[in-house]
Number of protein chains: 2
Amino acid sequence: MDNLIIEENFNGKDEKSLLKIKNAMPSIDDLYDLSEFFKVFGDSTRINIVSALLNSELCVCDIAQLLEMGQSAISHQLRILKSAGLVKPRRDGKTIYYSLDDEHIKLIFDLGLEHILHRKGAPNE
Amino acid sequence: MDNLIIEENFNGKDEKSLLKIKNAMPSIDDLYDLSEFFKVFGDSTRINIVSALLNSELCVCDIAQLLEMGQSAISHQLRILKSAGLVKPRRDGKTIYYSLDDEHIKLIFDLGLEHILHRKGAPNE
DNA sequence: TGAACATATGAATAACTGTTCATATGTTCA
DNA sequence: TGAACATATGAACAGTTATTCATATGTTCA
């Protein structure tokens, strides 16, 4: 079809085998969304926020005080977490409390933590 | 101790409660490592590579052909994946085959995929 | 040994991202 | 209503990152 950037293979698998693998993969769009989803976890501030919210809802100023960061920075990050579907807000008067939005979140967090702690015990390189 | 950037709380939880929450959280270092770990998943190219390797090992040029990207770009990303402990290389003559390094990886990948597919079915905003 | 191939790597660049600052929005209560 | 508080938001800046290009390293085989 198109041989624009595609580099030819002399060794490695033949084109038919590669096509088979490609067809078994999730769609380009889903993989993109997946990377965007993980990207949200891939920031120190945001993972701290998620960690803080694992056991209790918290308001913005509590999170800011907990992480010793400015209110604005936390608010910006909460917006990203919210639009990614990781947290949801609940208004109570002036205060807005945030909590985790999905039970998947804790599972993924714990699995990742388990991985890095396991790796820390026996580092590879 | 230090009241440099810390913003005072009038509403929200008292300092003792916040300290309790803080003590229940993983260490700063572990959370940083965790965010760095997730950051590796948070790139479209790398998540594509991981996805391609879920069922079979592949050499660099196979991956490049599969993703229709340059060999150099793939190689750079494989280095990141390798030093994060996600993939490991196996040399066979000129060719170097990469495969997933840890059974956690597939679990985390699948859990994330499940999340975004579930979310896609019933989007929140 | 040297040609051909597979992969790795360093430098450069363009695009992206997180924090800060200033300020706006929204709520409560006297 | 207006002061005080809680949160959100836009612009700007600094730091980071992914890709490309050129080239180096390492392997095979004639």
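Basis for what follows: all heavy atoms, side chains included, without hydrogens, waters or symmetry-related copies.
- Side chains of His104(B) and Arg119(A) form no contact here, defined as non-hydrogen atoms less than 4.5 Å apart.
- In this structure, CG of Leu78(B) is placed 9 Å from P of dT7(C), rounded to the nearest angstrom.
- The two residues Ile96(B) and Pro89(B) have their closest heavy-atom pair at CG2-CB, 3.7 Å.
- Rounded to whole Å, atom C1' of dT7(C) lies 15 Å from atom CZ of Arg90(B).
- Remark: side-chain polar atoms of Arg46(B) are not paired, donor with acceptor, to backbone N or O of Ser35(A) under 3.5 angstrom.
- Not a single donor-acceptor contact under 3.5 angstrom links the side-chain atoms of His76(A) to the base of dT17(C).
- In this model, the phosphate group of dT19(C) is approached by a side-chain N or O of Thr45(A) to a distance below 4.0 Å at OP1 or OP2.
- In this structure, Ser75(A) contributes its side chain and Gln71(A) its backbone to no donor-acceptor pair below 3.5 Å.
- In this structure, of dG18(C), dA6(D), dA18(D), it is dA6(D) that holds the atom nearest to the side chain of Thr95(A).
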Listed pairs under 3.5 Å, donor-acceptor, residues 54-61 of chain A side chains, sequence neighbours left out:
| residue | atom | partner | partner atom | Å |
| --- | --- | --- | --- | --- |
| Glu57(A) | OE1 | Arg90(A) | NE | 3.3 |
| Glu57(A) | OE2 | Arg90(A) | NH2 | 2.5 |

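- The two residues Val40(A) and Leu86(A) make their nearest non-hydrogen contact at CG1-CD1, 3.8 Å.
- At dA8(D), one or more side-chain N or O atoms of Tyr98(A) fall inside 4.0 Å of OP1 or OP2 (strictly under the cut-off).
- Separating the CD atom of Glu68(A) from the C1' atom of dT20(C) is a distance of 18 Å, rounded to the nearest angstrom.
- Side chain Ser72(B) to base dC21(D): a donor-acceptor pair is found below 3.5 Å.
- The CG atom of Leu81(A) sits 14 Å away from the C1' atom of dT17(C) (whole-angstrom rounding).
- For the atom pair Phe109(A) CZ and Glu114(A) CD, the distance stands at 12.5 Å (nearest 0.5 Å).
- The phosphate of dT20(C) (OP1 or OP2) has no side-chain N or O of Gln71(A) nearer than 4.0 angstrom.
- Atom-to-atom, CG of Asp43(B) to C1' of dT19(D) comes out at 10 Å; the value is rounded to the nearest Å.
- Put simply, Arg79(A) has no side-chain N or O that comes within less than 4.0 Å of OP1 or OP2 on dT7(D).
- Under the side chain to side chain contact (heavy atoms under 4.5 Å, CB included) rule, Lys88(B) has a single partner from Asp101(B), Asp102(B), Leu100(B), which is Asp101(B).
- Atom CG of Leu58(A) is separated from atom P of dT7(D) by 11 Å (rounded to the nearest Å).
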At under 4.0 Å between heavy atoms, how does the protein contact nucleotides 24-30 of chain D? Give one character per nucleotide, 5' to 3', with B, S or -. ---BS--
Determine which bases of DNA chain D form Watson-Crick or G-U wobble pairs with both distances under 3.5 Å, and write the result as a 5' to 3' dot-bracket string with | for other-strand partners. ||||||||||||||||||||||||||||||
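- Among dT7(C), dA8(D), dT19(D), the nucleotide with an atom closest to any side-chain atom of Ala73(B) is dT19(D).
- Side chain of Ser75(B), nearest nucleotide from dT7(C), dG10(D), dA18(D): dT7(C).
- When the P atom of dC16(C) is taken as reference, atom NZ of Lys39(B) falls 17 Å away, rounded to whole Å.
- Nearer the 5' end of DNA chain C, as judged by each residue's closest nucleotide, is the contact made by Val60(B), out of Ile80(A) and Val60(B).
- The aromatic rings of Phe38(A) and Phe41(B) are tilted relative to each other, their planes meeting at an angle between 30° and 60°.
- Criterion: ILVMFWY side-chain heavy atoms under 4.5 Å apart, direct or through other members. Under it, Ile28(B) and Met69(A) are not part of a common hydrophobic cluster.
- Rounded to whole Å, the distance from CE on Met69(B) to C1' on dT7(C) is 16 Å.
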